[in-house]
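Reviewing the structure listed below.
Index from 1, following the sequence.
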Amino acid sequence: MTHSRFLQRAYELARPHHPHPNPKVGAVVVDESGEVIGEGAHEGPGRPHAEAVALERAGNANGTTVYVSLEPCTHQGRTPPCVDRLIADRVGRVVVGTLDPDERVSGTGVEALRQAGIDVIVLDDPEAIEVDPAYFHHRRTGLALVTLKYAMTLDGAVAAMDRTSQWITSEEARADAHSLRAANDAVIVGTGTLVADDPRLDVRLPGYEGPQPRPVVVAGGTDLPLDRAIWEREPIVVSSIEIPIPSGDLLVVGGEDRPGPEAVCRALGEAGYLAVLLEGGPTLAGAWMRSGVVARGVVYIGGRVGGGTGRSPLGGRFGSIGDAVGVLITDIRRLGPDLRIDFELGG
């Protein structure tokens, strides 16, 4: 019996769910013979927490070991504190993947369990953070975690000079991009993309029944078109001034010609959208990259060569090689005739 095996199972249980603004959490109850007798995950705000679900399924948990991906909570929200249930069920040991960065918890859950006589092991496992990086990012910075996504030709164009871009990538890559949308709470574009592409910003995969990301439009200095499909989806419109919108919610945040990227990310985080996918065109993407709010990126490289001057993925001036930002490439994979490259930025 190893801690790794059961914690890995807790991580697997947590990952598929969308509980933001709460964290993704999975829990596994193991009896004294090493058998799993209960499993659970936190499925959404107001739903039972992972520990409570796993303990309920376990039945008699006296003397058991509970493996949980994140430190059990001590505060009363829509549901009771997890530590109270663990103590009441008289578990013998709790193995925690990592401490909760939320200042309302951070260490207090572990301390409460120890004071109740429960053996607690905290592993500080980096993989526990990767179960829900947006939650940790938000608790650390106050900002939503931004993943920049774009598709380009092999010679670096996201569109031709006439702004056409359908389709640079294959069906395989486009399906993967929809899976990427499904993993985020919101998808963001600017006014230019809204005008040019009339996007719905939804997940369109065969058989998909999960939650749809909330569409977000960052309003610039031009009027928003009122005849676009996105208004059927009740989007969030973020603007630096009060503007009329036909449906959805308006967030007014600081900025000059357009809302400041950090202000947008802070407002979205406060609204519970912790993981956001930036699909805006070159103007918005370039501004957000230069502002420092982009934490991660996914680039789809289509098996095509434009063979001339097209539109660059990031708008703005690249004046000197010293202006280039270093990134860590974390994954490269083939999708049909195309490539997907994942990267992270420091900070």
Side-chain angles (χ1 to χ4, degrees), residues 1-102 104-136 139 183 209-211:
M1 180 174 65
T2 66
H3 295 322
S4 174
R5 170 190 164 196
F6 298 120
L7 269 180
Q8 285 295 326
R9 178 57 183 160
Y11 299 161
E12 291 173 5
L13 291 166
R15 284 190 179 99
H17 299 287
H18 296 77
H20 292 159
N22 296 343
K24 298 182 179 185
V25 183
V28 177
V29 182
V30 179
D31 67 16
E32 293 177 286
S33 68
E35 291 294 319
V36 174
I37 59 173
E39 296 182 337
H42 181 42
E43 297 182 0
R47 302 290 297 275
H49 286 192
E51 299 92 326
V53 174
L55 289 167
E56 192 68 28
R57 291 172 177 169
N60 180 10
N62 184 19
T64 60
T65 297
V66 177
Y67 294 82
V68 59
S69 59
L70 186 70
E71 177 183 14
C73 66
T74 53
H75 60 283
Q76 175 73 46
R78 298 186 193 180
T79 56
C82 300
V83 294
D84 290 356
R85 179 64 187 266
L86 291 162
I87 293 169
D89 281 32
R90 301 173 64 189
V91 305
R93 173 181 291 176
V94 177
V95 180
V96 177
T98 191
L99 295 179
D100 191 332
D102 192 311
R104 296 172 298 176
V105 184
S106 196
T108 62
V110 167
E111 182 60 27
L113 292 172
R114 286 173 174 160
Q115 287 184 359
I118 297 173
D119 181 27
V120 181
I121 299 173
V122 181
L123 296 183
D124 293 322
D125 183 5
E127 190 173 351
I129 297 174
E130 283 304 307
V131 169
D132 195 358
Y135 175 78
F136 283 83
R139 293 303 188 269
E209 298 179 352

Practice item. Considering only NZ, NE, NH1 and NH2 on the basic side and carboxylate oxygens on the acidic side, decide whether K24 and E12 come within less than 4.0 Å. Key: no
Practice item. Pick out which of V29, I118, L113, T65 makes a side-chain contact (heavy atoms from CB on, under 4.5 Å) with V91. Key: I118
**Study point:** Single hit among S69, P72, P19, C82 for side-chain contact (heavy atoms from CB on, under 4.5 Å) with V25
**Key:** S69
Check your understanding: Do D125 and Y11 get their side chains close enough for a donor-acceptor pair, meaning under 3.5 Å?
Key -> yes
**Study point:** Note, I121 side chain near V96 side chain (heavy atom, < 4.5 Å)
**Key:** no
Review point. Hey, is the main chain of T108 close enough, under 3.5 Å, to the side chain of T74 for a donor-acceptor pair?
Key: no
Check your understanding: What distance do Y135 atom OH and D102 atom CG have between them, rounded to the nearest 0.5 Å?
Key -> 4.0 Å
Study note, to complete from the structure: d(R93 CZ, L86 CG) to nearest 0.5 Å is 14.5 Å
Review point. Would you find a donor on one side and an acceptor on the other, under 3.5 Å apart, between the side chain of H17 and the backbone of A41?
Key: no
Exercise for review: Would you tell me whether E111 and Q115 have side-chain atoms, one donor and one acceptor, within less than 3.5 Å of each other?
Suggested key: yes
Check your understanding: So how far is it from F136 CZ to L70 CG, rounded to the nearest 0.5 Å?
Key -> 5.0 Å
Got a list of side-chain donor-acceptor pairs under 3.5 Å for residues 54-62, not counting sequence neighbours?
unit_1, atom_1, unit_2, atom_2, d
E56, OE1, R85, NH2, 3.0
R57, NH1, E39, O, 3.0
N60, OD1, N62, N, 3.1

Point to revise | No-hydrogen, no-angle side-chain donor-acceptor test under 3.5 Å, H20 and D132 | key: yes
Check your understanding: What pairs with R114 under salt bridge (Lys or Arg N to Asp or Glu O under 4.0 Å), at least two apart in sequence or on another chain?
Key -> none
Practice item. Could you walk me through whether E71 and R104 pass salt bridge (charged side-chain N to carboxylate O under 4.0 Å, His left out), step by step? Key: CA-CA 12 Å; E71 177 183 14; R104 296 172 298 176; over 6 Å; no
